[in-house]
Amino acid sequence: MDVNTASLKIEELLVYALNHGIIEDLDYIQCRNSLLDLFGISEPYSGVIEDIDLDDLHEILNPLLDYAYERRLIKENTITNRDLFDTKIMGLLMPRESEVIRKFNELKKYKGIKEATDYFYRLSKDSYYIRMDRIARNLYWRTDTDYGSLEITINLSKPEKDPKDIAAAKAMKQTNYPRCLLCVENVGFSGNLNHPARQNHRVIPVTVAGEQWYFQYSPYVYYNEHCILLYEKHVPMKISEKTFIRLLDFIDQFPHYFIGSNADLPIVGGSILSHEHFQGGRHVFPMEEAPIVKRYRNESYKDVEAGILKWPLSVIRLSSKNRDRLIEASSMIFKAWKDYSDPSVNILAYSIKDGKKMFHNTITPIARKNTDGKYEMDLVLRNNRTTDEYPYGIFHPHEELHHIKKENIGLIEVMGLAVLPGRLKSELDEIERILSGDIKFDKKKIADDDPLFKHIPWIDELISKYGINLKRDEAEKILKEEVGNIFLKVLLDAGVFKRDEEGMAAFDRFLNSIHFKKI
């Protein structure tokens with residue numbers, strides 16, 4: 001690409017930023033000069049910008065990245081290196097942190113919190129912090145089950161690292177800044193091969209429960225307006241009475257969002273347990289729509305409604321217009337559960353390892369305002385015990401399901417949205433070809449390092465059930481249904497009180513032990 005074309009693309013980028021409110025008219029010349037300097041171009045484009053579609057940021061940035069590689073501004077033409085450079089480009093256009101906060105707070109004051117979050121979410125997408133072109137690649141479908149319509153997504157938005165980047169990253173000097181992907185110090189961070197660039201990242205300070213927190217959006221948005229509330233300090237996640245205060249305090253300030261926390265123990269917790277944070281957003285998950293199948297009452301909390309959900313995991317739903325009483329009831333249940341054991345259903349509150357008490361019980365809490373205007377708190381009971389029979393966890397997806405889902409069942413999965421690994425796309429395509437007879441299935445010829453090896457028992461089961469002469473669209477539909485049913489089994493494995501007669505009786509015993517009586 002010649003210099004003239006590159007300078008044209010810079011002008012198109014500036015027009016894009018102007019049209020999307022990232023910059024204002026008075027910023028135009030300064031931002032142009034910053035971009036010219038970045039690319040080593042001595043003067044701007046002097047021609048006329050044609051009336052073309054300037055909404056696709058990817059189409060504008062891609063030629064600029066090619067130009068940067070040609071001029072050796074990018075050392076290796078890999079996805080990671082290109083991502084580092086295009087984030088640097090967008091960082092030159094971004095309003096300062098203080099400007100974003102000021103506008104957010106002004107919108108919140110004069111037009112309401114929804115207008116403020118709409119602005120901030122739009123900025124996060126328009127600035128390429130959330131790469132919607134990649135998010136759009138994710139596969140998504142729903143599977144109807146006895147527990148409602150479960151959501152399934154195969155995550156294709158995270159690109160695989162190039163071997164060159166992996167080798168270069170290993171050779172880099174390791175640093176401890178920022179300490180993790182959730183630390184507030186990520187704002188404006190230039191990134192490296194081990195840590196994504198964040199020059200286009202902004203956060204909003206929020207006071208929650210008298211503490212300093214920061215509100216941002218997830219760059220991977222697994223659902224609508226997928227947000228993160230992160231603590232100012234890099235401290236481990238911990239569920240406590242303060243958790244419930246924080247959740248409802250956030251809901252008071254952001255009533256159009258739900259918010260929840262991953263469990264705070266390994267196996268049953270999320271992917272980042274090292275930094276205290278919550279996840280929320282504007283999405284109705286299948287669990288929220290699950291009906292209450294048994295209702296309970298505690299005379300000490302008469303203004304708090306309680307019930308068990310018809311859901312694969314063990315969920316107690318509390319609701320009340322009295323915020324303080326709901327916090328008290330939630331805290332009481334959590335404390336009781338933390339010390340509760342019922343060996344008849346494999347629940348032990350703790351075990352002793354090397355002379356230390358290891359606690360196993362915790363919860364995944366989720367808060368929202370329901371359609372009746374009441375505070376609603378879902379307490380999902382979790383236990384992370386392992387045994388020789390279940391080394392990955394008694395209440396974790398069992399090994400026969402690992403070919404589909406092996407990772408921790410965190411907050412998002414708990415609520416009924418499966419986030420499945422990108423590898424499944426190509427693996428399911430191959431299985432679809434087997435079921436449609438396009439390729440012959442000979443399990444004896446599949447090596448143990450073949451991606452299909454782990455699926456062999458499942459493929460046998462599918463062939464026995466459906467045969468090998470399906471039409472391709474029929475095979476695709478069946479596979480989506482079967483993956484959804486496996487996700488249901490994953491959730492059932494994670495339930496501490498099983499959905500059979502013995503499990504529900506044990507659930508009753510726990511609630512009775514804390515004076516919740518069935519009504």
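Residue numbers start at 1 and run along the sequence shown. No experiment lies behind these values; they were computed from the predicted model shown. As a basis for the values below, the full set of heavy atoms in this structure was taken, side chains included, without hydrogen atoms, waters or symmetry mates.
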Residue that, paired with Trp141, satisfies side chain to side chain contact (heavy atoms under 4.5 Å, CB included) out of Ile152, Leu150, Thr153: Ile152

Any side-chain donor near an acceptor of the partner, Thr362 and Asp264, under 3.5 Å: yes

Plane angle bin for Tyr340 and Phe510 - parallel if under 30°, tilted between 30 and 60°, otherwise perpendicular: perpendicular

Asn322-Ser320 side chain donor-acceptor pair, cut-off 3.5 Å: no

Non-hydrogen side-chain atoms of Phe497 and Ile308 separated by less than 4.5 Å: no

Short side-chain donor-acceptor distance under 3.5 Å, Thr117 and His256: yes

N-O pairing of Lys321 and Asp303 below 4.0 Å: no

Pairwise side-chain contact, Leu428 with Ile154, heavy-atom cut-off 4.5 Å (strictly under): yes

Within-4.5 Å side-chain heavy-atom neighbours: Glu413 and Lys405: yes

Salt-bridge contact Lys489-Glu400 (side-chain N to carboxylate O under 4.0 Å): no

Listed once per pair and sorted, the salt bridge (charged side-chain N to carboxylate O under 4.0 Å, His left out) pairs that draw on residues 452-466, sequence neighbours left out: Glu427-Lys454, Lys443-Asp460, Lys465-Glu482

Carboxylate-amine/guanidinium contact Lys480 Glu476, below 4.0 Å: yes

Any side-chain donor near an acceptor of the partner, Glu328 and Tyr301, under 3.5 Å: no

Val304/Ser319 under side-chain contact (heavy atoms from CB on, under 4.5 Å): CA gap, chis, key distance, verdict: CA-CA 6 Å; Val304 177; Ser319 62; over 6 Å; no

Asn186 side chain to His195 side chain, donor-acceptor N/O pair below 3.5 angstrom: yes

CD1 (Ile468) with more than 12 external heavy atoms under 6.0 Å: no

Ring centre gap for Phe250 and Phe278 strictly below 6.0 Å: no

Qualifying salt bridge (charged side-chain N to carboxylate O under 4.0 Å, His left out) pairs with a residue from residues 267-277, counting only residues at least two apart or across chains: Arg246-Glu276

Arg509 atom CZ, over 12 foreign heavy atoms within 6.0 Å: yes

Pair listing, side chain to side chain donor-acceptor pair (under 3.5 Å) test, anchored in residues 228-239, at least two apart: His234-His275

Salt bridge (charged side-chain N to carboxylate O under 4.0 Å, His left out) between Asp429 and Lys425, worked out: CA-CA 6 Å; Asp429 285 346; Lys425 170 67 169 66; 2.7 Å; yes

Aromatic ring proximity, centroids under 6.0 angstrom, His201 and Tyr129: yes

Polar side chain donor-acceptor pair, Ser314 to Arg499, under 3.5 angstrom: no

Pair Glu305 + Lys374: basic N to acidic O under 4.0 Å: yes

pair Lys517-Glu299: side-chain heavy atoms closer than 4.5 Å: no

Close side-chain approach of Ile204 to Trp213, heavy-atom, < 4.5 Å: no

Sidechain N-carboxylate O distance under 4.0 Å for Lys310, Asp146: no

Within 6.0 angstrom of Tyr350 OH, more than 12 heavy atoms from elsewhere: no

Parallel, tilted or perpendicular: ring planes of Phe104 versus Phe120, cut at 30 and 60 degrees: perpendicular

Electrostatic pair Lys242-Glu211, nearest N-O below 4.0 angstrom: yes

Close side-chain approach of Phe395 to Ile347, heavy-atom, < 4.5 Å: yes

His515 versus Asn298, side-chain donor and acceptor atoms under 3.5 Å: no

Pairwise salt bridge (charged side-chain N to carboxylate O under 4.0 Å, His left out) hits with a residue in residues 377-389, at least two apart: Arg317-Asp378, Arg368-Asp378

Electrostatic pair Lys114-Asp118, nearest N-O below 4.0 angstrom: yes

Between His402 and Tyr392, ring centroids under 6.0 Å: yes

Which residues share a side-chain contact (heavy atoms from CB on, under 4.5 Å) with Ile412, sequence neighbours left out: Tyr222, Tyr223, His226, Gln279, Phe285, Leu417, Val419

NZ or CZ of Lys369 within 45° of Tyr375 ring axis and under 6.0 Å: yes

Stepwise ring pair (Phe, Tyr, Trp, His ring centres under 6.0 Å) check, Phe516 with Tyr296: CA-CA 6 Å; Phe516 277 90; Tyr296 293 80; 7.3 Å; no

Arg433/Glu430 ion pair, N-O < 4.0 Å: yes

Note, Tyr217 side chain near Ile228 side chain (heavy atom, < 4.5 Å): no

Sidechain N-carboxylate O distance under 4.0 Å for Lys108, Glu115: no

Of all pairs that satisfy salt bridge (charged side-chain N to carboxylate O under 4.0 Å, His left out), the ones with a partner from residues 213-225, not counting sequence neighbours: Glu225-Arg282

Arg323 and Asp252 ion-paired at < 4.0 Å: yes

